[in-house]
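Report on the following structure.
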Amino acid sequence: MLQSQLFIPTLKEVSNEAQIPSHQLMLRAAMIRQLGAGIFSFLPLGYRVAKKVMNIIREEMDAIGGQEFHLPALNPIEIWEQTGRVEAMGDVMFHIKNRDGLVLAPTHEEIITVHARQHIKSYRDMPQIWYQIQTKFRNEPRPKSGVLRGRQFTMKDAYSLDNSWEGLDESYNKHEQAYRNIYTRCGLKFFVVGASSGAMGGSASQEFMVESPFGEDTCAICEDFGYGANIEVATSSLPSVSRLDENPNIEEFPTPGARTIDHLITKFSIPEDRCAKSVVCFVDGEPTLILMSGNDALNESKLQSALKATNIRHAEENELFDLTGAHAGSIGPINLKTPLKIYADKRLENANGLVSGANKDKFHFKNIDLSRDCTISGYFDLRTIKEGELCPTGCGKGLRVVNAIEVGHIFKLGTKYSQALGAMFLDETGTEHPIIMGSYGIGVERIMACFIEQSHDDKGIKFAPSIAPFDIHLLGLGLKKSEAVQNACEELDKKCKEAGFDVLFDDRDVSPGVKFNDADLLGMPVQVIVGDKNLAAGNVELKNRRTGERQILPIGEAIDSIKVMIKGF
RNA sequence: CGGGGUGUAGCGUAGCCCGGUUAUCGCGCCUGCUUUGGGAGCAGGAUGUCGGGAGUUCGAAUCUCUCCACCCCGACCA
């Protein structure tokens with residue numbers, strides 16, 4: 001296609017509102033323009049990339065037997081009320097103001113389940129994999145980082161319907177493999193982590209992650225990728241606090257100035273893991289004391305799922321005093337002013353010889369035996385793992401803690417939605433069961449942005465052929481001046497097309513520098529440069545945008561070399 | 001929702017504290033000539049509700065109030 005006739009308004013500079021490379025480059029390379037907070041228009045070049053990503057997704061979904069739907073974004077709120085998600089979503093869901101009873105869909109579990117209820121009646125009707133690529137609306141409180149977190153975005157969402165739990169496992173595994181194929185084909189470096197199902201419900205879930213300092217998720221990954229987990233669920237191999245043979249009675253002792261665990265460790269020579277740190281939280285409104293070993297950080301996600309709670313908040317300073325009789329630093333499980341339910345981290349299970357606050361300012365107890373001196377309602381894994389701790393698989397390697405961008409998430413939903421909406425089937429014996437479901441999502445814009453994050457330099461984007469807007473950027477230098485260059489370009493353009501390549505022919509009457517810089521910015525995998533100097537000797541130049549490698553070769557050999565170069569990506 | 005910041009031509013910006021000529025500069029755009037292998041040169045030209053509204057003042061981009069939009073940090077994140 002002729003660049004002179006296309007709308008590709010590249011920018012030399014962008015406002016400092018765009019702070020991360022992918023956002024800056026998508027603006028500069030004329031892929032997107034911002035219309036409002038978290039709202040973006042795709043320009044032709046950007047949409048070409050989006051379409052290539054969507055086609056890869058489509059091919060891989062079709063390959064596992066997926067059937068493409070197109071569901072409405074406008075949904076009757078009534079359906080969402082039946083699963084309790086109007087409340088669960090809260091402000092995230094957009095509500096239509098001038099037509100009662102309609103919302104904009106943030107995802108489509110409910111709608112899929114409704115259609116399944118209408119027609120999936122027998123175990124013989126399953127398995128099914130239904131998917132769509134569609135616009136989602138989520139009223140994010142704070143959109144950020146360009147297209148990485150928007151209020152309107154494109155998502156491939158898929159849903160599996162099965163008649164058995166084994167069937168669900170199979171559908172889930174198919175999706176996992178399809179997702180791996182999709183990211184690999186898009187040229188993304190990614191990893192997979194175990195994740196929390198959160199408010200989606202269900203038994204298991206995994207997230208597909210791209211490491212990035214701009215990621216909003218934190219993951220623990222083993223150096224050799226044998227283990228990966230979202231920090232919300234990550235565990236590590238760490239010894240429990242051992243039980244001491246000597247077990248004297250508890251004893252109060254003064255600890256002036258000791259407000260932190262570190263003070264107890266340094267000023268009173270107490271081993272870190274013998275310190276039982278107390279945290280007071282309101283769990284669904286009920287004040288609860290949580291005991292952690294040493295400086296272990298309480299992981300609220302773990303607490304939430306362990307106690308099956310929906311809302312957790314830390315107690316405020318004045319509430320702490322009212323409940324326990326002491327201020328932060330002197331709180332503990334014994335001698336509480338108000339009896340509180342007490343949970344403890346698994347590392348403290350059955351531990352003794354512990355030091356904890358006396359619920360009296362500037363005093364602690366020592367020799368605490370949790371099984372003798374306290375009533376612990378339950379021991380759970382509640383700690384947040386730290387960088388460098390050993391991999392829980394026992395491989396002996398350390399864990400890295402990294403920021404990451406979530407580009408996909410797969411869930412074993414189970415029967416939460418089918419039960420709520422009454423999507424039932426009859427098994428071989430005529431017994432009725434709820435359909436067993438899975439749900440699988442991929443963010444299309446996130447794939448694009450993540451690719452650019454991983455593949456750019458100070459000049460611009462370095463696209464892989466699989467998702468590049470064009471395969472080849474043909475640069476004609478001094479076209480007006482030289483008929484030979486013009487003819488050579490037209491000839492090459494034609495030959496490249498015949499060879500099956502998409503070609504962007506820069507036929508604009510602008511200086512060579514402009515063309516080179518635009519070409520590097522836009523980032524097509526191969527640049528073919530035709531200028532009169534090389535052409536005088538019958539040569540053209542190829543440039544590999546990724547490696548920067550250049551070849552000057554006879555025009556007749558260009559096509560074959562381009563093929564080799566593109567294959568090498 | 002809390003905290004911080006920004007809003008000036010198509011884009012990027014200076015000026016604002018300390019009110020006072022015709023609102024600065026670069027890019028882009030239009031006309032002409034020259035130029036053409038890494039964002040060309042010269043000459044001429046067009047383009048502004050200084051985010052909106054209200055106020056203070058002889059006079060407001062500049063001070064005050066208010067509303068709006070956007071960005072960043074936090075909270076939140078199916």
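In this text, all values refer to a predicted model and were calculated from it rather than measured experimentally. Note that these values count all heavy atoms, side chains included, but never hydrogens, waters or copies made by symmetry. Quick note on labels: first sequence line is chain A, next is B, and so on, each numbered from 1.
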Have a look at [X] and say if it touches a base, only the backbone sugar-phosphate, or nothing, with a 4.0 Å heavy-atom cut-off.
| X | answer |
| --- | --- |
| A:G90 | nothing |
| A:R33 | nothing |
| A:K459 | base |
| A:D91 | nothing |
| A:V514 | base |
| A:E541 | base |
| A:D520 | base |
| A:K515 | nothing |
| A:S301 | nothing |

* Among B:rC71, B:rC27, B:rC72, the nucleotide that comes nearest once only the side chain of A:A37 is considered -> B:rC71
N or O in side chain of [X] less than 4.0 angstrom from [N] OP1/OP2:
| X | N | result |
| --- | --- | --- |
| A:K481 | B:rU35 | no |
| A:R142 | B:rC76 | no |
| A:S511 | B:rA40 | yes |

* Heavy-atom neighbours of A:E216 CD exceed 12 at 6.0 Å -> yes
Both distances below 3.5 Å, Watson-Crick or wobble geometry, any strand: find the nucleotide opposite [N].
| N | value |
| --- | --- |
| B:rC1 | B:rG74 |
| B:rU13 | none |
| B:rA69 | B:rU6 |
| B:rU36 | none |
| B:rC29 | B:rG45 |
| B:rU21 | none |
| B:rC63 | B:rG55 |

Any chance the side chains of [X] and [Y] put a donor and an acceptor closer than 3.5 Å?
| X | Y | answer |
| --- | --- | --- |
| A:S160 | A:Y172 | no |
| A:S212 | A:E453 | no |
| A:H108 | A:K136 | yes |
| A:S22 | A:Q24 | no |

Give me the distance, rounded to whole Å, that separates [N] from [M] when you measure between the [atom1] atoms they each carry.
| N | M | atom1 | result |
| --- | --- | --- | --- |
| B:rA61 | B:rU24 | C1' | 12 Å |
| B:rG10 | B:rC72 | C1' | 26 Å |
| B:rC17 | B:rG37 | P | 50 Å |
| B:rA14 | B:rU8 | P | 10 Å |
| B:rC71 | B:rG32 | C1' | 43 Å |
| B:rC25 | B:rC70 | C1' | 24 Å |
| B:rC73 | B:rU21 | P | 40 Å |
| B:rG38 | B:rA43 | P | 24 Å |

* Over 60° means perpendicular and under 30° means parallel, so classify the ring planes of A:Y179 and A:F208, tilted if in between. => tilted
Whole angstrom is fine here: how far is it from [atom1] in [X] over to [atom2] in [N]?
| X | N | atom1 | atom2 | result |
| --- | --- | --- | --- | --- |
| A:D518 | B:rU36 | CG | P | 21 Å |
| A:E17 | B:rU13 | CD | C1' | 13 Å |
| A:Q3 | B:rG39 | CD | C1' | 14 Å |
| A:L475 | B:rU36 | CG | C1' | 14 Å |
| A:F516 | B:rA40 | CZ | P | 12 Å |
| A:E13 | B:rC11 | CD | C1' | 7 Å |
| A:R149 | B:rC72 | CZ | C1' | 15 Å |
| A:L11 | B:rU13 | CG | P | 12 Å |

* Asked: Considering heavy-atom distances to RNA chain B, does A:Q34 or A:E300 have its closest nucleotide positioned more toward the 5' end?
  ->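 Per heavy-atom nearest nucleotide, the more 5' residue is A:Q34.
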* For A:Q19 and for A:V14, locate the closest nucleotide of RNA chain B by heavy-atom distance; then report the residue assigned to the nucleotide nearer the 5' terminus. =>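 The answer here is A:V14.
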Distance-only donor-acceptor test, [X] side-chain atoms vs [N] base atoms, 3.5 Å:
| X | N | answer |
| --- | --- | --- |
| A:R550 | B:rG38 | yes |
| A:N16 | B:rG12 | no |
| A:N534 | B:rG37 | yes |
| A:R28 | B:rG39 | yes |

* Ring-face cation contact, A:F569 with A:R546, 6.0 Å cut, 45° max ->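 The answer is no; the distance or angle limit is not met.
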* To do: For this output row, return yes or no: ring centroids of A:F69 and A:W130 closer than 6.0 angstrom.
  => yes
* Structure fact -> Of all heavy-atom pairs linking A:T83 and A:W80, the shortest is OG1-O, 3.2 Å
